[in-house]
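Remarks on the structure that follows.
Lettering follows sequence order; numbering is per chain, from 1.
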Amino acid sequence: MVPTTDKYNPHELEPRWQKYWQEIGLLKATEGIAVGDAAVQAAHSAGADSPTLPRLEGQNGTKKAYILVMFPYPSGDLHMGHLKNYTMGDALARFRVQQGYSVLHPFGWDAFGLPAENAALKFGVSPAEWTFGNIAQSKESLGLMGIQYDWSREVMTAMPDYYRWNQWIFLKMYEKGLAYRKKSYVNWDPVEQSVLANEQVIDGRGWRSGALVEKRELEQWYLKITDYAERLLQDLDSLPRWPEKVKAMQRAWIGKSTGAEFDFAVKDSDKKIRVFSTRPDTIFGATFMVLAPEHPLVAELVTPAKKAEVEAYIAATRLKSEVDRQMEDREKTGIWTGAYAINPANHKEIPVWIADYVLYGYGTGAIMAVPGQDERDWEFAEKFGLEIVRTVQPPAEFSGKAYTEDGPAINSGFLNGLMMEEAKRKIIGWMEEKGIGEGKVNYRLRDWLISRQRYWGTPVPMIHCQNCGIVPVPYEQLPVELPTLRDVDDIRPKGKSPLAAHPEFFETTCPKCGGQARRDTDTLDTFMDSSWYYLRYADAHNQNLPFDPHKANFWMPVDQYIGGIEHAILHLLYSRFFTKFLSDLGMLEAQEPFEGLFTQGMVQGWTDVGEVEISGETIRFKTGERRSKLDLPETLTVSDARRSGAELRSAEDGSTHFWKAATMSKSLGNGVMVGPFVREQGADIARVTILFAAPPENEMIWTDEGVQGSWRFLNRVFRRVSEDRADLEKASGTLDAGALESANKALYAKLHATLEKVGSDIENLRFNTAVAALMEFLNTLYDYRKEHPVSPVYRTATRYYIQMLAPFAPHMAEELWHWFHSESVFQAQWPDVDKAALVADSFELVVQVSGKVRGKATVPADAGEDEIKRIARGIENVKVWLEGKQIVKEIYVPGKLLNIVVKG
RNA sequence: GCCGGGGUGGCGGAAUGGUAGACGCUACGGACUUAAAAUCCGUUGACCCUAAAGGUCGUGGGGGUUCGAGUCCCCUCCCCGGCACCA
């Protein structure tokens, strides 16, 4: 017998039930078999009191639910901000368990990466030790919150039995021609001392270090994600349960544009300049050309007279960082090469310029400039006095410069009079006929630069042999293990991989010729680790493959993925790419990894930004550290502060401090830490606070008042059940839903309405309204008990109530459930909604006169329209408003409302 | 500039075209207490008028569709997020 108590005491009951869930393996996932079925059946055959039949069709008929939260970088002690998405995932997973689904709710660690290296450098511990320490701490916090995972499937990317499959996948990609090496200008992060992929450079800065990236010409490994560009774009349309925002960002990143690629001959030369344009129809208006300064043709085209100037410009461009190039406020610069090209459409000679507004990395690195139809070209032409010819007729009222919309072609020879689309078709046909070009689709997406010059990652499984060139490590030799480096100086970034200083690692023999060879000393981008971890959960201990396709096919796709918006492109795009690749390999049926995606809002905490001085309307900060972290100016006005939601509070020493809600973070030190909070207040209180305070996609502010509210609510639940306990334990007849009267009938109806709402709200992750419905129904239970004894309906209501509470406050629900039942509340089937109960036998009729509410009456549900009208006209106030008026028409909405439209 | 999402009480926020403001927080009043806390009960969009009732206005602003609009359509302002010389 499980011990029970009669006073709500989270500290006592929470650890007890956490232990119990571990013992019964509540979230142990099993392919194709409903979790807990055996236990449920045993409980039932033992005659346990349960409102519904157990789910017996588990073996083959059970639906699966794969609930996944983005696995974290192991960062040690967790605060409430970390816990929000885990709490959401846990509530959803528990709900699916209650519904009898086969649930996979796993957890793991994105354990490779720079923070561990940085910590190693700072504290002199090995990255592995630091990581393991953090994992232990984080796990403890998760446990304290009662968040349950199938820990038997825990994944840790820094373990050889995980990253060997990174290497395996990399080799498969190499076999398929999707992993390749090339020399190119790459993004170099001077702080991380490593290269970065395009996606990892935000506004010209490293996504993690924030350092301005430099361009370096290096030979690196790439993954050919561009081969999948079209599918990555198209399949976004197959994801209705993704936020529009994320899909829009991915579409923009892929950046598909349709146009043509074609050649311009160079005057007095056999060279050709190839350009890409989305508006080939405007070719007659091409009055000059522009090449990117890096374009290789520049050196060949430049005339001797212009050589010095052009070279100076190229040199100046090279000195500018990406950010500089953008910060110049778009003032166009450029220089004429002295050369001319021939416009193939009208055979005019047009000058060839170079300018840094043309990017070498996109299209062909050269453009035909059509100032009449392109704002940038117009600006350039205006500045340098180049010819402007309109080739699309703007509407009469048009007063701008370049006209970029549709219209009939003019000054365009055989295209004249055609609208844009038609003109495009015709000119592309003409180009193809003449052999100077063809229709072309271009993508902004670049291949994924995957090698990194850092230690704490997966070694690239490649061998460089003087005789044979690049040779892949044979599959049977995997994993290529990362050597344990103990000396901090061995780890320190030096501009090339730390592994390059370790002959014991890189010295090897060539698998092909057996001669002396050298291992690749770079490591793989850690985003590779997270691109397929969700598949490893399906089969976490497979020694022969990354995962068994059968198991992956059972669980995939992930039904609900929950995580932060910061991965809208990075992780989510890479994962979609990997899923498609593995699917092409025949490893997986799913074309998309995540069927439902939810991006949760941040958790904010009230933060003391620092002491301020106030003179009149002006607030001046006396301290600066937190202020600058929050991007606040040194002085601001009182009204601006108020408008931003900030508060001025007096400190104990009499000074005034500036307080503001800010995202909880380690660096601000404003996080409500899980351990201390749960020990003082309780896990269920924290869970309810997180889930109720705001819609989950919004940011929420963690406040003491919110915590108070959760405490009050849970106490009221506990008190209600506890006060009725003795009566509820007594047998009190059976519930006959069809024979209920008045208050009992109303309670039953409200119960089922709540049941339906809570169920659909959880499915749609609207936890805040689900909790609100539970609060509302609790008020109903209190109201009922003021006037009525514990009855069969009330017993059922209480029982369902505990079940409905369970996803949110699982510890309390389990406690209360065990007062009356011997199995877990999560093993009792979620009740079915009695649809008949939702049909009331009377309703409150709203009577409007000309659209304004003038009266209400309770009427029988089966009242006919004529009777409704009669009742409505009998209402005193309605009579007053109808007095002396002529009824024009009456609109009756059955079960709801009657609108009497009058005139006069 | 372009794209995506928003604008509802003092606050967080509810509302399949059908009673706007559910639920909670705050505040105020009351009960309990020697007192405080906790708890419980009540009030809490603005305004008018009440003995009871009732009425007017109200979802950023302006127009429209409709018997009826927070919700649909057009215009406009503002806020948040993303992208931004991508030819």
Side-chain angles (χ1 to χ4, degrees), chain A residues 202-203 243-253 255-257 259 275-280 282 286 290 292 325-326 328-332 355-370 373-377 379-380 404 442-446 565 568-569 599 643 645 688-689 692-695 697-701 703-713 715-716 719 757 766 768-779 782 844-856 876-877 880-881 888-893 895-902:
Chain A
I202 316 281
D203 293 335
E244 214 38 62
K245 175 170 45 169
V246 174
K247 288 190 280 188
M249 284 167 75
Q250 292 212 355
R251 284 192 191 101
W253 185 260
K256 179 181 183 177
S257 53
V275 301
F276 171 76
S277 174
T278 54
R279 294 294 304 273
T282 63
V290 185
R325 262 169 96 158
Q326 283 169 21
E328 276 179 89
D329 227 8
R330 302 180 190 191
E331 180 65 21
K332 296 274 183 297
D356 66 4
Y357 81 92
V358 173
L359 308 174
Y360 185 55
Y362 183 78
T364 62
I367 62 158
M368 65 169 189
V370 188
Q373 275 75 230
D374 185 287
E375 285 164 11
R376 297 153 301 181
D377 297 343
E379 196 192 321
F380 195 82
T404 57
N442 237 321
Y443 299 90
R444 207 177 69 123
L445 181 69
R446 308 280 81 179
I565 185 71
I569 291 172
T599 52
R643 207 168 310 129
V688 168
T689 303
F692 177 65
E697 67 274 21
N698 287 12
E699 63 192 23
M700 68 155 288
I701 306 179
T703 60
D704 290 345
E705 289 79 13
V707 172
Q708 263 299 319
S710 305
W711 167 252
R712 231 172 278 168
F713 165 59
N715 258 296
R716 265 165 64 79
R719 197 157 48 83
K757 172 140 183 75
R766 291 195 303 244
N768 57 323
T769 48
V771 174
L774 286 173
M775 289 174 168
E776 192 178 336
F777 193 57
L778 182 65
N779 292 338
Y782 268 87
E844 192 183 41
L845 174 74
V846 173
V847 183
Q848 297 182 334
V849 178
S850 293
K852 291 202 187 292
V853 180
R854 298 302 182 191
K856 291 169 196 178
E876 266 320 306
N877 195 43
V880 173
W881 285 91
V888 180
K889 67 167 149 176
E890 288 169 291
I891 289 118
Y892 177 53
V893 183
K896 279 235 158 99
L897 150 158
L898 178 73
N899 187 7
I900 305 169
V901 184
V902 297

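- What you find for A:Arg854 and A:Asn877 is that their closest heavy atoms are O-ND2, 2.8 Å.
- Candidate nucleotides B:C3, B:U39, B:A87 were compared by shortest atom distance to the side chain of A:Ala248, and B:C3 ranks first.
- Rounded to whole Å, the separation between the C1' atoms of B:G70 and B:A84 comes to 34 Å.
- Across the protein-nucleic acid pair, A:Arg766 atom CZ and B:G12 atom C1' stand 17 Å apart, rounded to whole Å.
- Distance check on atom P: B:G21 versus B:C85 gives 49 Å, rounded to whole Å.
- A:Tyr357 places a side-chain heavy atom less than 4.5 Å from the side chain of A:Ile367.
- Residue-level contact check: A:Glu890 touches neither bases nor backbone, having no heavy atom under 4.0 Å from any strand.
- Backbone-only contact: A:Arg712 has heavy atoms under 4.0 Å from sugar-phosphate atoms and none from a base.
- Taking atom CZ of A:Phe777 as the reference point, atom C1' of B:A22 lies 16 Å away to the nearest angstrom.
- Side chain of A:Arg716, nearest nucleotide from B:C23, B:C40, B:C3: B:C40.
- At a threshold of 4.0 angstrom between heavy atoms, the contacts of A:Asn442 with the nucleic acid are absent.
- A sub-4.0 Å separation between OP1 or OP2 of B:G18 and a side-chain N or O of A:Lys896 is absent.
- Remark: A:Glu375 CD is loosely packed, at most 12 non-hydrogen atoms of other residues, nucleotides or ligands lying under 6.0 Å away.
- Rounded to whole Å, the P atom of B:A20 lies 12 Å from the corresponding atom of B:C57.
- Residue A:Gly255 is classed as having no contact, given no heavy-atom separation below 4.0 Å to the nucleic acid.
- Distance, A:Ile701 CD1 to B:G24 C1': 15 Å, rounded to whole Å.
- Here the side chain of A:Asn899 pairs a donor or acceptor atom with the backbone of A:Gly851 at under 3.5 angstrom.
- Two residues, A:Ala772 and A:Val853, neighbour RNA chain B, and the one matched to the more 5' nucleotide by heavy-atom proximity is A:Val853.
- Using a 4.0 Å heavy-atom distance criterion, A:Ala693 is classed as a sugar-phosphate-only contact.
- The side-chain heavy atoms of A:Gln708 and A:Thr703, taken from C-beta on, include no pair separated by under 4.5 Å.
- B:C32 and B:A38 have their C1' atoms separated by 11 Å, given to the nearest Å.
- An OP1 or OP2 oxygen of B:A87 is reached within less than 4.0 angstrom by no side-chain nitrogen or oxygen of A:Tyr357.
- For A:Ala694, the listed nucleotide lying nearest its side chain is B:G13; candidates were B:U39, B:G13, B:C3.
- The shortest distance between the side-chain N/O atoms of A:Thr703 and the OP1/OP2 oxygens of B:G12 is not below 4.0 Å.
- Nucleic acid contact for A:Arg854: sugar-phosphate only, since backbone atoms but no base atoms lie under 4.0 Å from a heavy atom of the residue.
- Across all strands, A:Phe713 comes closer than 4.0 Å to no nucleic acid atom at all (heavy-atom distances).
- Distance check on atom C1': B:G9 versus B:A46 gives 9 Å, rounded to whole Å.
- Looking at heavy-atom distances under 4.0 Å, A:Asn877 makes contact with sugar-phosphate atoms alone, never a base.
- With a glycosidic angle no more than 90° from 0, B:G9 adopts the syn conformation.
- The CD1 atom of A:Ile569 sits 6.0 Å away from the CH2 atom of A:Trp253 when rounded to the nearest 0.5 Å.
- With rounding to the nearest 0.5 angstrom, the NZ atom of A:Lys256 is 13.0 Å from the CG atom of A:Leu445.
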_Secondary-structure string, 5' to 3', Watson-Crick or G-U under 3.5 Å, | for another-strand partners, for RNA chain B_ = (((((((..(((.....[....))).(((((.......))))).((((.....))))..(((((..]....))))))))))))....

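- Distance check: A:Met368 CE to A:Asp377 CG gives 9.0 Å after rounding to the nearest 0.5 Å.
- Nearest nucleotide to the A:Asn698 side chain, out of B:U16, B:G13, B:G4: B:G13.
- The side chain of A:Asn899 contributes no N or O atom lying less than 4.0 Å from OP1 or OP2 of B:U19.
- Here the side chains of A:Tyr892 and A:Leu845 are in contact, with some heavy-atom distance below 4.5 Å.
- Separating the C1' atom of B:A31 from that of B:G60 is a span of 43 Å, rounded to the nearest Å.
- Rounded to whole Å, the C1' atom of B:U39 lies 11 Å from the corresponding atom of B:U33.
- The same atom, P, is picked in B:G10 and in B:U44; the two are 15 Å apart, to the nearest Å.
- Atoms CG (A:Leu897) and C1' (B:A69) sit 14 Å apart, rounded to a whole Å.
- Relative to the side chain of A:Ser277, the nucleotides B:A22, B:A87, B:C83 differ in distance, and B:A87 lies closest.
- Between A:Lys247 atom NZ and B:G81 atom P the separation is 23 Å, expressed in whole Å.
- Contact of the A:Tyr782 side chain with the A:Arg716 side chain is registered, since non-hydrogen atoms from C-beta on lie closer than 4.5 Å.
- The shortest distance between side-chain heavy atoms of A:Asp374 and A:Arg279 does not fall below 4.5 Å.
- Looking at heavy-atom distances under 4.0 Å, A:Trp881 makes contact with sugar-phosphate atoms alone, never a base.
- Checking B:C23, B:U19, B:A87 against every side-chain atom of A:Gln848, the shortest atom distance belongs to B:U19.
- If you check B:U26, B:A87, B:C23 against the side chain of A:Asn779, the one that comes closest is B:C23.
- Of the candidate nucleotides B:C25, B:U56, B:A22, B:C25 has the atom nearest to the side chain of A:Glu705.
- Within the nucleic acid shown, A:Lys245 comes within 4.0 Å of sugar-phosphate atoms alone, with no base atom in reach, counting heavy atoms only.
- Residue contacts for A:Asn768: at a heavy-atom cut-off of 4.0 Å it reaches the sugar-phosphate backbone alone, with no base atom in range.
- Across the protein-nucleic acid pair, A:Met368 atom CE and B:C85 atom P stand 20 Å apart, rounded to whole Å.
- Here B:C80 presents its C1' atom at 14 Å from CE of A:Met249, a figure rounded to the nearest Å.
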_Does A:Arg712 form a salt bridge (Lys or Arg N to Asp or Glu O under 4.0 Å) with A:Glu705? I'd like the steps, not just the answer._
CA-CA 10 Å; A:Arg712 231 172 278 168; A:Glu705 289 79 13; over 6 Å; no

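- Comparing atom distances between the A:Thr769 side chain and each of B:A14, B:G4, B:G24 picks out B:A14 as nearest.
- Rounded to an integer number of Å, the gap from A:Glu375 CD to B:C85 P is 13 Å.
- RNA chain B is contacted by both A:Gln708 and A:Val901; A:Gln708 maps to the nucleotide lying nearer its 5′ end (nearest heavy atom per residue).
- Contact annotation for A:Pro695: backbone-only contact, meaning every heavy-atom pair under 4.0 Å involves sugar-phosphate atoms and none involves a base.
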